[in-house]
Amino acid sequence: MIARLHGTVESIGRDSLIVSVGGVGFKVRASAAARELAGKARTIELFTHMLVRENEISLYGFVNEEELALFELLLGVSGIGPKAALSILSSAPPERLRQAIASGEIEVFTRVPGIGPKTAQTIVFHLKDKVGVAPSAPAGQTAFANDDIEIVGALTALGYSVAEAQAALASVPRESGATTEERLRLALAYFARP
């Protein structure tokens with residue numbers, strides 16, 4: 001089983017990477033964070049999950065063991081395949097997903113294309129005891145609120161990476177009374193700065 005890859009990034013696709021290791025190019029279906037990291041570095045180290053099916057062997061790559069562990073937990077949920085698990089992981093940081101599972105916030109999952117309320121409830125029900133309580137945000141950082149996830153989702157739908165969306169969101173002051181739309185407008189203004 002291939003548990004980790006360390007190699008040179010040859011190409012970045014919409015949902016995958018080609019990583020050259022010892023002259024062999026591995027196609028790895030990668031999380032948004034892994035694709036973003038690949039865009040910044042010539043060499044990359046990925047934690048991988050190898051999925052073997054009757055007619056296909058697939059590799060899924062992640063930037064750290066936390067992403068990989070959450071991916072594997074999601075695969076254990078009835079109705080969640082690797083494509084859906086990867087989409088969920090690309091929708092928000094792992095700590096936010098763990099927090100949503102621990103607190104029963106199914107709306108975080110229903111925002112992911114292809115995940116309906118019933119599947120979201122199944123995810124929360126089956127994983128609530130497995131993820132534990134998400135740690136609170138470190139000093140100086142704020143935990144993601146529901147409207148934050150909406151803003152990050154809107155920005156990534158416009159083509160920005162998850163990290164870019166998070167940076168733009170961090171630049172938006174948390175004014176009392178600001179609507180999600182106003183905060184999204186301010187986050188978009190972040191990308192217009194010189």
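Values below: every heavy atom of this structure, side chains too, minus hydrogens, waters and symmetry copies. Values in this document were obtained by computation on a predicted structure and should not be read as measured data.
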Provide the closest heavy-atom pair for [X] versus [Y] in the form atom of the first, atom of the second, distance.
{"X": "A85", "Y": "L75", "answer": "CB-CD2, 4.2 Å"}
{"X": "I115", "Y": "A84", "answer": "CD1-CB, 4.2 Å"}
{"X": "A168", "Y": "L155", "answer": "CB-CD1, 4.2 Å"}
{"X": "G61", "Y": "V28", "answer": "N-CG1, 3.2 Å"}
{"X": "K27", "Y": "S16", "answer": "CE-OG, 3.7 Å"}
{"X": "L51", "Y": "P82", "answer": "CD2-CG, 3.5 Å"}

Can you tell if the side chain of [X] reaches within under 4.5 Å of the side chain of [Y], non-hydrogen atoms only?
{"X": "L74", "Y": "L127", "value": "yes"}
{"X": "L46", "Y": "L68", "value": "no"}
{"X": "F109", "Y": "V124", "value": "yes"}
{"X": "F26", "Y": "L5", "value": "yes"}
{"X": "L188", "Y": "L158", "value": "yes"}
{"X": "V21", "Y": "H6", "value": "no"}
{"X": "P94", "Y": "Q99", "value": "no"}
{"X": "V108", "Y": "L97", "value": "yes"}

Got a second to check how far [X]'s [atom1] is from [Y]'s [atom2], nearest 0.5 Å?
{"X": "L186", "Y": "E181", "atom1": "CG", "atom2": "CD", "value": "12.0 Å"}
{"X": "I106", "Y": "T122", "atom1": "CD1", "atom2": "OG1", "value": "10.0 Å"}
{"X": "I151", "Y": "T180", "atom1": "CD1", "atom2": "OG1", "value": "5.5 Å"}
{"X": "E67", "Y": "E95", "atom1": "CD", "atom2": "CD", "value": "9.5 Å"}
{"X": "H126", "Y": "L73", "atom1": "NE2", "atom2": "CG", "value": "12.5 Å"}

Spell out, as yes or no, whether a donor-acceptor pair under 3.5 Å connects the side chain of [X] to the backbone of [Y].
{"X": "R42", "Y": "V9", "answer": "no"}
{"X": "S20", "Y": "E10", "answer": "no"}
{"X": "R4", "Y": "F47", "answer": "no"}
{"X": "E36", "Y": "A32", "answer": "no"}
{"X": "S90", "Y": "S31", "answer": "no"}
{"X": "E182", "Y": "T179", "answer": "yes"}

Applying side-chain hydrogen bond (donor to acceptor under 3.5 Å, both in side chains), run through R29 and S58 and close with a yes or a no. CA-CA 8 Å; R29 291 183 175 98; S58 303; 3.0 Å; yes

Could you check whether S91 and R111, counting side-chain N and O atoms only, form a donor-acceptor pair closer than 3.5 Å?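 S91 and R111 do not have a side-chain donor-acceptor pair below 3.5 Å.
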
Checking L70 against F62 for the side chain to side chain contact (heavy atoms under 4.5 Å, CB included) test, could you report, in this order, the C-alpha distance in whole Å, the side-chain angles of both residues, the deciding distance, and whether it holds? CA-CA 10 Å; L70 190 51; F62 308 93; over 6 Å; no

What do you reckon, is CD of E65 surrounded by more than 12 foreign heavy atoms closer than 6.0 Å?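 No, not enclosed.
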
Does a sphere of radius 6.0 Å around CZ in F125 hold more than 12 heavy atoms from other residues, nucleotides or ligands, not counting ones at 6.0 Å or beyond?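 Open: at most 12 neighbouring heavy atoms sit under 6.0 Å from CZ of F125.
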
According to a hydrophobic-cluster definition based on side-chain heavy atoms being under 4.5 Å apart (Ile, Leu, Val, Met, Phe, Trp, Tyr only), do I18 and M50 belong together?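 No, no single cluster joins them.
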
Check the orientation of H49 and F71. Use parallel for under 30°, tilted for 30 to 60°, and perpendicular for over 60°.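 Perpendicular, since the angle between the ring planes exceeds 60°.
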
Pairing of E105 and R98 as salt bridge, 4.0 angstrom limit: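 The answer is no: the pair does not qualify as a salt bridge.
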
Carefully, step by step, assess T110 and E107 under the rule side chain to side chain contact (heavy atoms under 4.5 Å, CB included). CA-CA 5 Å; T110 57; E107 62 277 2; 4.1 Å; yes

Give the C-alpha distance, both sets of side-chain angles, the deciding distance and a yes or no for side chain to side chain contact (heavy atoms under 4.5 Å, CB included) between I88 and I80. CA-CA 10 Å; I88 291 168; I80 299 293; 4.3 Å; yes

